[in-house]
Novice: 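One structure follows; several queries about it will come next.
The first residue in the sequence is number 1, and the count goes up from there.
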Amino acid sequence: ILLVAYFAGVALLGAGIGAAAAHMIFASFRSEPGVVVLILFSVAGALVALALQRYVIIIATAFGGAQTALVGAAALLGDPGAAQAATRAVYRVYPLDPLPNTHWDATAAIVLGAIGVIVQLAVTAKGKK
């Protein structure tokens, strides 16, 4: 059951990325994608994610962990918005913008996430050589 859940999670993550890509592409033309286009992008995203599942998992965990660490650090430093985000249910622990009055949080999340990707690739690549 857990093996099926693992592959389903990777596929759902890819489908979400595909749907987001469709919306971003169509938003640049000031329009919205149709249902068929959205389904095609979602299926393509799911298939690509399944083909590249190692990298999808590494990137998702690195950036998810970076966001969680920043929200936790901001909550510990006394930010009320971050403290509220940190006490929500698990499925809402990654707010897209926990500190809306600053720009350093997005930059820090990207930098910390990139470091996480590099570390994970370096650690997991040792056994692949």
Novice: Given side chains that start at C-beta, do those of Gln53 and Val48 come closer than 4.5 Å, heavy atoms only?
Specialist: no

Novice: Quick one: does Leu112's side chain get under 4.5 Å of Phe63's, heavy atoms only?
Specialist: no

Novice: Would Val123 and Ile115 show up in the same hydrophobic cluster when neighbours are defined by side-chain heavy atoms closer than 4.5 Å?
Specialist: yes

Novice: How many angstroms lie between atom CE of Met24 and atom CZ of Phe29, to the nearest 0.5 angstrom?
Specialist: 13.5 Å

Novice: Are Val43 and Val35 connected into the same hydrophobic cluster when the rule is that any two of I, L, V, M, F, W, Y join if their side-chain heavy atoms are below 4.5 Å apart?
Specialist: yes

Novice: Check Ala19 against Ser42 and note the closest heavy-atom contact, atom names and distance.
Specialist: CB-OG, 3.7 Å

Novice: Which atoms form the tightest heavy-atom contact between Ala109 and Ala66, and what is the distance?
Specialist: O-CB, 3.7 Å

Novice: Under a 4.5 Å side-chain heavy-atom rule over Ile, Leu, Val, Met, Phe, Trp and Tyr, are Val37 and Ile25 clustered together?
Specialist: yes

Novice: Between CG of Leu12 and CD1 of Ile17, what distance do you get to the nearest 0.5 Å?
Specialist: 11.0 Å

Novice: Any idea which heavy atoms bring Ala62 and Gly116 closest together, and the distance?
Specialist: CB-C, 3.7 Å

Novice: Suppose we screen for side-chain hydrogen bond (donor to acceptor under 3.5 Å, both in side chains). Which residues come up paired with Tyr55, at least two apart in sequence or across chains?
Specialist: none

Novice: Apart from Ile110 itself, what residues make up its hydrophobic cluster, given side-chain heavy atom links below 4.5 Å?
Specialist: none

Novice: Are Leu50 and Ile57 connected in the hydrophobic side-chain network, where two residues link if heavy atoms are under 4.5 Å apart?
Specialist: yes

Novice: Could you tell me the separation between the OG atom of Ser31 and the NE2 atom of His23, rounded to the nearest 0.5 Å?
Specialist: 10.5 Å

Novice: Is there a continuous path of hydrophobic side-chain contacts, each under 4.5 Å between heavy atoms, that joins Val10 to Phe7?
Specialist: yes

Novice: Only one of Leu38, Leu40, Ile39 forms a side-chain contact (heavy atoms from CB on, under 4.5 Å) with Val36, so which one is it?
Specialist: Leu40

Novice: In Å and rounded to the nearest 0.5 Å, what is the CG to CD1 distance from Leu52 to Ile58?
Specialist: 11.0 Å

Novice: Could you give the distance from CZ (Arg54) to CD1 (Ile59), rounded to the nearest 0.5 Å?
Specialist: 11.0 Å

